[in-house]
Amino acid sequence: MLAHIKRDDLLRLSKQAALAVPRNTTIKELQGIHLEADEGNSMLTLTATNLEITIRASMGAVVERPGNTVIDARLLTDIVSKLSKDSNLDMELERGGQLAIRSGHTHYLLSVLSGDKYPMPELPFPDDTIPVTGVQSLVRKTAFAAADGENAPLMSCIKISLGPDGLRGVSTNGFCIMEAKGDENCKGASELLIPAHSLAALAAISRDSDVYEMGLAGKSIVFWNGELLFSARLMEGKYPNTKILFDSFQAKYSVNLSAEELASAVLSASVVAPENSRIEVAFGEHVIRVSAGEDRERATVPVKALVLSAPGQPFYYNYKTLLQYLRLVKGKVTLDFDERGLLAIRAGATQYIQSPLRAPKQAAQSQKAA
């Protein structure tokens, strides 16, 4: 194998492919990126997989001798990043099975693995595809609300729905629900369950302006933009019916305020929040007060608000989850609460529900006495 390639293109694609390399694996080949030089198409193709997602990216190259090999992913990106910008490099697989990388006066000779032993996944191109944009934003708006861990595999997914109004993403961890609208032109009649961490990898190598062809290939979903192919295994099962919760929600109390000011107050009060991440939201005449802490350490931050209707007692929430949502929205928002403190926020192309936490023991006793 002997190929002449551009350093900047190789660095960009190697960083993208590295996102599919598993962090913990005993399979040496999976710790690396598979490189294949194709003389006929004048291409160098990088492939990496963790057997759940696969990233394959191709770049133009002058190929004198075709061939393939597997190189440690971290080593490849580290080496290429240290070469001069806008430079060219030669990549040659020598007879002893070592890979030589040369650029200017710099010369690396590296131990590599045989490309023939790499567990190359089958990546059939979908028969039918549909163009989609805005993948990065849709994932950013929904991934935070997905469950984290193996105890709830379905709720660790983002449900992607294609309907007559376009693309939607929904996620829930059992304590909050997030729904966000995506590409309005991406229409269909299907629902897909994609692990949130898989979509997060796609979002990390995407821009909202990227146009992907999206389609199904067996039990995987494939995204293709001409240079990069991303494949993720789908989950199967019955996802929670989140729509019924949005439809059945009945607001009893409402507050209108600035999302940025509320986020700032939550962040300030959280400095003394207990380990359970609980904050208190209390209602005044023209203000709400965000408080956190217990006993001798306590913080209270007021937020100007138009209090349309207020309960006689405070409500309590996990500030970490609430803060992740508030950072996604801008400007004035309306917070709706049902009689038990279930919180609903609708802003722009999103709608969000968060369950309240139990009141601290002392506060609960005071409320009961009142």
Side-chain angles (χ1 to χ4, degrees), residues 141-149 151-152 155-156 171-178 196 240 242 245-246 249-285 287-305 307 309-329 333-347 350-370:
K141 291 175 182 176
T142 53
F144 79 92
D148 183 18
N151 295 330
M155 289 199 295
S156 68
S171 58
T172 181
N173 57 17
F175 301 98
C176 69
I177 305 171
M178 178 65 174
T242 56
L245 293 175
F246 284 112
F249 179 83
Q250 294 184 350
K252 187 170 183 179
Y253 313 110
S254 296
V255 174
N256 185 267
L257 44 62
S258 163
E260 292 89 346
E261 290 180 7
L262 178 58
S264 178
V266 171
L267 185 60
S268 297
S270 68
V271 174
V272 295
E275 291 183 0
N276 60 13
S277 304
R278 180 172 51 210
I279 60 166
E280 176 186 287
V281 178
F283 303 80
E285 186 174 356
V287 67
I288 67 168
R289 293 180 177 85
V290 179
S291 302
E294 296 176 349
D295 299 330
R296 296 182 179 181
E297 293 184 343
R298 187 166 179 83
T300 300
V301 184
V303 181
K304 292 181 181 179
V307 182
S309 53
Q313 74 283 341
F315 294 133
Y316 299 85
Y317 301 95
N318 181 300
Y319 82 83
K320 292 181 180 178
T321 305
L322 179 58
L323 193 57
Q324 285 181 297
Y325 173 75
L326 291 173
R327 285 170 171 165
L328 296 172
V329 295
V333 295
T334 298
L335 280 59
D336 291 320
F337 307 83
D338 75 0
E339 61 181 359
R340 296 184 178 181
L342 185 66
L343 168 64
I345 308 174
R346 293 175 172 86
T350 69
Q351 54 179 352
Y352 175 76
I353 281 181
Q354 183 171 340
S355 298
L357 298 177
R358 290 182 179 180
K361 186 176 181 179
Q362 183 177 358
Q365 292 175 346
S366 299
Q367 291 174 18
K368 188 175 181 180

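Small disclaimer: the values here were computed from a predicted structure and weren't measured.
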Thr334 side, atom OG1; Leu257 side, atom CG - distance, nearest 0.5 Å: 8.0 Å
Centroid separation Tyr253 to Phe283 less than 6.0 Å: no
Side-chain touch Pro356/Arg340, heavy atoms, less than 4.5 angstrom: no
Minimum heavy-atom distance Arg289-Val287, with the two atoms named: NH1-CG1, 3.6 Å
Gln351 side, atom CD; Asp336 side, atom CG - distance, nearest 0.5 Å: 11.5 Å
Residue pair Ile177 / Phe246: nearest heavy atoms and the distance that separates them: CG2-CE1, 3.5 Å
Pairwise side-chain contact, Leu262 with Ile288, heavy-atom cut-off 4.5 Å (strictly under): yes
Side-chain touch Leu343/Tyr317, heavy atoms, less than 4.5 angstrom: yes
Any Leu342 side-chain heavy atom under 4.5 Å of Ser355 side chain: yes
Residue pair Leu267 / Ser270: nearest heavy atoms and the distance that separates them: O-OG, 2.6 Å
Nearest heavy-atom neighbours spanning Arg278 and Ala292: O-CB, 4.1 Å
Separation of Ile345 CD1 from Phe337 CZ (nearest 0.5 Å): 7.5 Å
Separation between CZ of Arg327 and CG of Leu322, rounded to the nearest 0.5 Å: 10.5 Å
Least distance between heavy atoms, Phe249 atom then Asp338 atom: CZ-N, 3.8 Å
All ring-ring contact (aromatic ring centres under 6.0 Å, His included) counterparts of Tyr352, not counting sequence neighbours: Tyr325
Under 3.5 Å donor-acceptor, Arg298 side chain and Gly293 backbone: yes
